[in-house]
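Heads up, the thing below is written out as structure tokens.
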Amino acid sequence: MVASAPQRLDRLELEALRRRGYEAVNEGRYEEALLLYEHALELARESGDSDTLDLFLVNRAAVRIELAEDDRPALADELAILREVLGRSTSLENGWLAAYQIARLYERRRDFKKSLFYARMAHDRAGWTKTARWLSSSCNLLGNVMLAESHVEEAVDAYRNALAALEPGDDVRRARIRANVGYCFLLQQRRREGMELIYGGLRLLRRLRLERFSISPHLDLAFGHLELSRPADARRHAVLARALATTYRDTEALKNSLFLLGEAEQRLDLPELARETFSTLQREFYRENPGLVRQLLSIDVVPLLNLRA
């Protein structure tokens, strides 16, 4: 049976919306992607195609997870949708996407055991199809979860597998994954190699004007410069990370930037600035711990930090 002209147009529009949404996500333009996926969902519901509807439900959930931060009710709603899709969908792509995004959601919640379970499920499904993009994304997510649990060697292996599976020309993912490897190298005391990888990733991200994705490399470089006893350079990157984290409402990155900034200021013998920075940290994130500023001013903060946890 030949599809009618309106049906063909709807499919063409849905495919265009999907492509534009994917490009927006890949470039960190999550707010734009959310609008595109909301429009696509309206068309998908009218089409009556359950696989298409599930695809855009998962895509919308993925964007909402990135934007939700620590909003537990919002994340709970997305988790319910993703579990429904994972349980009912016969589409390999939808099943992989749902498992991947559940793992990502649990990663955002800092529930790394559950995140690892679903990340492995996504990795297995990607392996069945041998789809390069799925496999690379799954390996990168596995690396993130391993690193959050301080399993650095396993994380490096996962990131290397992610790089090996990347399709040619996927420069954005390559830059971000290489920066992840660089942070692992810092933790392994391979500081020179680590800093080179992070700087290389940051240069590419800045050349592509992907500010949102530059937050993590700036934090990594602030951490690395503190490890190398270069507090002035550390402070510069911590300031940049703080500004970007504020712009993009990334609360976890903002928290880490304040830890690193305060430590850099201490080492630069700027006690008043360090006290002010740590006071902001305590006021914004640790109101239940009024003695935090005094504690932070008396210790080296860097060994306590895991920038991926």
Next item on the list: Might you confirm whether atom CD of Glu149 has over 12 heavy atoms from other residues, nucleotides or ligands at distances under 6.0 Å?
Entry: yes
Notebook entry, point to check: If two hydrophobic side chains count as joined below 4.5 Å and joins carry through other members, does Met195 share a cluster with Val302?
Noted result: yes
Checklist line | side chain to side chain contact (heavy atoms under 4.5 Å, CB included) between Met146 and Leu116, worked out | finding: CA-CA 8 Å; Met146 293 290 187; Leu116 183 59; 4.0 Å; yes
Margin query: Is there a side-chain contact between Glu227 and Phe223 in this structure, where contact means two heavy atoms from C-beta onward sitting under 4.5 Å apart?
Written below: yes
Note to self: If you count heavy atoms of other groups shown closer than 6.0 angstrom to CZ of Arg88, is the number above 12?
What the structure shows: yes
Margin query: Please give me the minimum heavy-atom distance between Ala98 and Val85, naming the atom from each residue.
Written below: CB-CG1, 4.2 Å
Margin query: I need the Leu142 CG to Tyr100 OH distance, nearest 0.5 Å.
Written below: 9.5 Å
Item checked: Arg275, CZ: over 12 other non-hydrogen atoms inside 6.0 angstrom -> no
Note to self: Could you tell me if Glu211 and Tyr248 have a donor-acceptor pair between their side chains, going purely by distance under 3.5 Å?
What the structure shows: yes
Next item on the list: With rounding to the nearest 0.5 Å, note down the distance linking CG in Asp111 to OG in Ser115.
Entry: 8.0 Å
Next item on the list: Taking the side chain as every heavy atom from C-beta outward, state whether Leu86 and Ser89 have any pair of such atoms under 4.5 Å apart.
Entry: no
Next item on the list: Would you confirm whether Ser136, through its side chain, and Arg133, through its main-chain N or O, come within 3.5 Å as a donor-acceptor pair?
Entry: no
Item checked: Donor + acceptor pair across side chains of Asn59, Tyr22 (<3.5 Å) -> no
Check: Would you say Leu240 and Leu226 are hydrophobically clustered, going by side-chain heavy atoms of ILVMFWY under 4.5 Å?
Finding: no
Check: Below 4.5 Å, heavy atoms only, C-beta onward: do Arg192 and Leu228 meet side chain to side chain?
Finding: no
Notebook entry, point to check: Are Phe278 and Leu305 joined in one hydrophobic group, where the rule is that I, L, V, M, F, W and Y side chains link up if heavy atoms are under 4.5 Å apart?
Noted result: yes
Next item on the list: On the 0 to 90° scale, with breaks at 30° and 60°, tag the Phe56-Tyr37 ring pair as parallel, tilted or perpendicular.
Entry: tilted
Notebook entry, point to check: Which atom names give the shortest non-hydrogen contact between Leu268 and Arg235, and what distance separates them?
Noted result: CD1-CD, 3.8 Å
Next item on the list: Enter the distance from Asn180:CG to Leu197:CG here, rounded to the nearest 0.5 Å.
Entry: 10.5 Å
Margin query: Check this for me: does any side-chain nitrogen of one of Arg11 and Glu15 sit under 4.0 Å from a carboxylate oxygen of the other?
Written below: no
Notebook entry, point to check: Hey, quick one: are Leu55 and Leu79 part of the same hydrophobic cluster, counting side-chain heavy atoms closer than 4.5 Å, chains of contacts allowed?
Noted result: yes
Notebook entry, point to check: Does CZ in Arg178 sit with more than 12 non-hydrogen atoms of other residues, nucleotides or ligands closer than 6.0 Å?
Noted result: no
Check: Taking side chain as C-beta onward, heavy atoms only, is Arg60 less than 4.5 Å from Ile81?
Finding: yes
Next item on the list: Considering non-hydrogen atoms only, spot the tightest contact between Ala309 and Ala148 and give its length.
Entry: CB-O, 3.7 Å
Note to self: I'd like to know if the side chain of Glu78 and the backbone of Ile65 have a donor-acceptor N/O pair within less than 3.5 Å.
What the structure shows: no
Notebook entry, point to check: Side chains of Lys255 and Glu284: closer than 4.5 Å at any heavy-atom pair?
Noted result: no
Checklist line | Separation between CD1 of Ile198 and CZ of Arg203, rounded to the nearest 0.5 Å | finding: 11.5 Å
Item checked: Side chains of Trp96 and Ser138, donor plus acceptor under 3.5 Å -> yes
Check: Taking all non-hydrogen atoms of both residues, which atom of Pro231 and which atom of Arg267 are closest, and how far apart?
Finding: CB-CB, 3.8 Å
Check: Are Leu261 and Leu292 connected in the hydrophobic side-chain network, where two residues link if heavy atoms are under 4.5 Å apart?
Finding: no
Next item on the list: Before giving the answer on salt bridge (Lys or Arg N to Asp or Glu O under 4.0 Å), spell out for Arg20 and Glu32 the whole-Å C-alpha distance, their side-chain angles and the decisive distance to 0.1 Å.
Entry: CA-CA 9 Å; Arg20 289 169 59 199; Glu32 178 184 338; 5.2 Å; no
When the side chains of residues 212-220 are checked against the rest of the protein, which donor-acceptor pairs come out under 3.5 Å, sequence neighbours left out?
| from | atom 1 | to | atom 2 | distance (Å) |
| --- | --- | --- | --- | --- |
| Arg212 | NH1 | Gly28 | O | 2.7 |
| Arg212 | NH1 | Glu31 | OE1 | 3.4 |
| Arg212 | NH2 | Glu31 | OE2 | 3.3 |
| Ser214 | OG | Leu210 | O | 3.1 |
| His218 | ND1 | His237 | ND1 | 3.0 |
| Asp220 | OD1 | Arg308 | NH1 | 2.9 |
| Asp220 | OD2 | Arg308 | NH2 | 2.8 |

Check: Using a distance-only test with no angle check, is there a side-chain donor-acceptor pair under 3.5 angstrom linking Glu265 and Thr277?
Finding: yes
Next item on the list: Go through Arg29 and Glu23 one step at a time and tell me if the salt bridge (Lys or Arg N to Asp or Glu O under 4.0 Å) criterion holds.
Entry: CA-CA 8 Å; Arg29 294 181 279 112; Glu23 290 172 354; 5.5 Å; no
Item checked: For the student: nearest non-hydrogen atoms of Ala222 and Leu260, plus distance -> CB-CD1, 4.0 Å
Next item on the list: Write down the atom of Ala238, the atom of Ser257, and the distance for their closest heavy-atom approach.
Entry: O-CB, 3.8 Å
Check: Leu204 versus Arg176: any side-chain heavy-atom pair under 4.5 Å?
Finding: no
Item checked: Test item: Tyr183 side-chain N/O and Leu307 main-chain N/O as donor-acceptor pair under 3.5 Å -> yes
Notebook entry, point to check: Distance-only, no hydrogens or angles: does the Tyr159 side chain make a donor-acceptor pair with backbone N or O of Asn144 under 3.5 Å?
Noted result: yes
Check: Salt-bridged, Glu13 to Arg18, with N to O below 4.0 Å?
Finding: no
Check: Is there a donor in the side chain of Gln188 and an acceptor in the side chain of Glu153, or the other way round, less than 3.5 Å apart?
Finding: yes
Next item on the list: Answer yes when Arg173 and Glu167 have at least one side-chain N-carboxylate O distance shorter than 4.0 Å, and no when they do not.
Entry: no
Notebook entry, point to check: Is a side-chain donor or acceptor of Ser91 paired with a backbone partner of Asn94 at a separation under 3.5 angstrom?
Noted result: yes
Checklist line | Inter-residue atom distance Leu147.CG - Phe112.CZ, 0.5 Å rounding | finding: 9.5 Å
Notebook entry, point to check: Is there a donor-acceptor contact under 3.5 Å from the side chain of Glu84 to the main chain of Asp54?
Noted result: no
Notebook entry, point to check: Any idea how Tyr199 and His225 line up, ring-wise: parallel (<30°), tilted (30 to 60°), or perpendicular (>60°)?
Noted result: perpendicular
Margin query: Quick one, Thr52 and Arg45 - any side-chain contact, counting heavy atoms below 4.5 Å?
Written below: no
Checklist line | CA sep, side-chain torsions, deciding dist, call: Leu163, Leu166, side chain to side chain contact (heavy atoms under 4.5 Å, CB included) | finding: CA-CA 5 Å; Leu163 288 170; Leu166 269 181; 4.1 Å; yes
Next item on the list: Evaluate the side-chain proximity of Tyr106 to Val145: yes if any heavy-atom separation is below 4.5 Å, no if none is.
Entry: no
Margin query: I'd like to know whether Leu105 forms a side chain to side chain contact (heavy atoms under 4.5 Å, CB included) with Arg109, so could you lay out the CA-CA distance, the side-chain angles of the two residues, the decisive distance to 0.1 Å, and finally the verdict.
Written below: CA-CA 6 Å; Leu105 185 150; Arg109 281 186 170 183; 3.8 Å; yes
Item checked: Point-to-point distance, once rounded to the nearest 0.5 Å, from CZ of Phe285 to CZ of Arg287 -> 10.5 Å
